[in-house]
Amino acid sequence: SLSIQMLRRKLTEVRRMSSGRGLMANSSQFTVEGKPFRILGGSIHYFRVPKAHWEDRLLKMKACGLNTLTTYVPWNLHEPERGMFNFQDQLDLKAYICLAAKLGLWVILRPGPYICAEWDLGGLPSWLLQDKHMQLRTTYPGFVSAVNAYFDKLIPLIKHLMFQGGGPIIAVQVENEYGSYAKDDKYMAFIKNCLLSRGITELLLTSDNWEGLKCGGVEEGIPGVLDTLPQRPLMVMEYWSGWFDVWGENHHIFQADDMLAVVSEILERGVSINLYMFHGGSSFGFMNGAMDFGTYKSQVNSYDYDAPLSEAGDYTPKYHVLRTLFNFSSGIQFIVDVMLFCVPGRHISLCLSAEPLPDVPSLQKRSAYHPVDVQQYLCLWDTLRFQLKSEKPINMENLPVNNNNGQSYGYTLYETTITSGGTLHSMNNIRDRALVFVDRQPVGSLNYKTQELTIPDGKRTLTLLVENCGRVNYGKALDNQRKGLVGDITLNNAPLRDFTIYCLDMRPSFMKRLSSAPWKSVPHKPSFPGFFQATLHVEESPGDTFLNMSDWGKGVVLINGQNLGRHWFIGPQHYLYVPGPWLRRGENQIIVFEEHKSEEKLVFAENPDHGKTIDVYKLPFCTLL
Ligand SMILES: *[C@@H]1O[C@H](CO)[C@@H](O)[C@H](O)[C@H]1NC(C)=O
Ligand SMILES: *[C@@H]1O[C@H](CO)[C@@H](O)[C@H](O)[C@H]1NC(C)=O
Ligand SMILES: *[C@@H]1O[C@H](CO)[C@@H](O)[C@H](O)[C@H]1NC(C)=O
């Protein structure tokens, strides 16, 4: 029998020889291997779905009749510190693409480097902001060299997964929505060349929205040669299946019937489509982005998106209407030859007939565990160990921590001594909000709206606990996303000096240090902020669940060291998705960092309650931006 290597070589050869290109486009039609092809695509981001659930979500996609998976690639996760790369475990992009291939899905890769995606800084690493002259998404030398170093790592990893190499990737997107940013007319050519010069020969796409189109609710991809506009749209690269949510506003929904009408019309016109999102998942931890078109608004952790599959992977009415629709239009379902490289030992199977849709996978187990008692407590002030000193305030990104890559996410605490009371003024230098303490007693908070606070008299300790609520991911405000204290704070018009600074990034090393701190039983009236600990005992193999944080105040929840994300009483999100694979049989440690208000118990729910909803279709679309 042939070896895998030989089969792979053979397949590669066949593909090179046959009219044998992957995805191609003329003015009216896509072809794969020379045969007409319609992309029925859907976006699922591997970084928003626990790895153990990837296969379940992709099988559900396949069973809905889709033939192509689209995903972004988040640079900030893959290179958390300059030159330190991570493509393992949850970030094993190669495994994700191979899984798609194994299940018979083509892949359109959107490697950015900027990805938007309601993701912190649109996926750009925060350490880029250490350079005070940095110009993101331009040919500024500091940006160019960082992109080159990243692509030198990324592209060789995925190159052999291209169609031409026997893999499933049929197209690669160049940057993302640059048309709406357009600061440097040499930049797109630079990114295109980043791909070409590293051997990417598949079809290159751009995804662009010009505001008018955006207001109509679709974005149009421009396939083919970058500077050639097609006669008519071949593909809607981002057909928005729903919408994301921001803190303090209602949960967005988009009715299945309204979606069906548009998707049907797109298909009737023979146009290809990508559903953004097919399954949104969660922006775990501090990875949410923010928007700022005059007013800063940070996004919630749930990326449910009112998509065909819910945050926890459940079927929604949209899923079922799409499945019926895609089944009906499957006259042109295709041929997916098994990717040898990805599935060693499998035969090449060229299936030329339309396949019936696979059965819908059964739903995974989900539990509402019994409420657990909050047993232990740790005052924030008892956790402050590792400190930095600085005469002037330093923004998070420039703190000399993490091998001089700065602090990327979370909270930073700035403390100094004051000799009198008076008027504290933030000078709008707080990103994004701060709790203010005098002698470690709360006196108020500062944010974009409230910039002034009266401080009582006397020689005292003044503390600002500053929270980075997420960096803007879209629009011109992208340029101005340093966090923490980004300039002077004044007391009676004199800038404060001589700070002691503590990083509270809630990362594993921080949480580990916390475990050796002096935890005690929860006092009758705990002081805030503080950490609260509970233990969840799981008898059988753990299933997914939701934590119902409705009665808590504001903070962060970690389970077995994994940062689930933020809770905030203002909503709309009150339920944090807890993936079963992050739990274990036996004892599970839950730690809540809480700023204002705790409860005696932590309560679980099988399903989230989205609360008050608002239909995006009934809004003038531009008001969303
Ligand atoms: C585009 O390609 C399709 C499929 O190969 C072909 O049928 C069609 O005639 C082509 N159209 C043009 C304008 O070349
Ligand atoms: C798909 O279409 C076929 C042929 O019309 C039909 O037999 C089958 O039941 C349909 N499947 C679904 C899931 O609608
Ligand atoms: C979540 O907690 C709130 C407040 O205790 C309660 O009113 C609500 O019913 C709970 N939700 C679920 C789904 O159990």
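When a ligand or atom number is given, it counts from 1 through the structure's own listing order. Residues take their numbers from the sequence shown, with the count starting at 1. Being a predicted model, the structure only gives us computed values, none of them experimental.
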For this session: Starting from atom 14 (O) of ligand 3, locate the nearest protein heavy atom and write down its residue, its atom name and how far away it is, to 0.1 Å.
Result: Asn548 ND2, 3.8 Å
Seminar exercise, completed: heavy-atom search around atom 13 (C) of ligand 3 in the protein gives Tyr575 OH, 3.6 Å
For this session: In plain terms, say whether Lys318 and Asp306 are close enough for a salt bridge, that is, a side-chain N and a carboxylate O under 4.0 Å apart.
Result: yes
Exercise. If every non-hydrogen atom of Tyr575 is compared with every non-hydrogen atom of Asp609, which pair is closest and at what distance?
Worked result: CE1-N, 3.3 Å
Exercise. Judged by non-hydrogen atoms, does Asp551 sit under 4.0 Å from ligand 3?
Worked result: yes
Problem set entry | Protein non-hydrogen atom below 4.0 angstrom of atom 2 (O) of ligand 3 present | yes
Exercise. Between Glu595 and Arg433, is there a side-chain N and carboxylate O pair less than 4.0 Å apart?
Worked result: yes
Problem set entry | Backbone of Pro361 reached by a side-chain donor or acceptor of Lys60 within 3.5 Å | no
Exercise. Got a donor-acceptor contact below 3.5 angstrom from the Asn473 side chain to the Ala290 backbone?
Worked result: yes
Exercise. Is a side-chain N or O of Ser283 found less than 3.5 angstrom from the main chain of Asn288, in a donor-acceptor match?
Worked result: no
For this session: Taking only heavy atoms of Arg323 into account, list the atoms of ligand 2 that are under 4.0 Å away from them.
Result: 13 (C)
Exercise. Would a 4.0 Å cut-off, counted as strictly less than, catch a protein heavy atom around atom 9 (O) of ligand 3?
Worked result: no
Exercise. Under 3.5 Å, N or O to N or O, is Asn327 touching ligand 2 that way?
Worked result: yes
Exercise. Would you say Phe604 contacts ligand 3, with heavy atoms under 4.0 Å as the rule?
Worked result: no
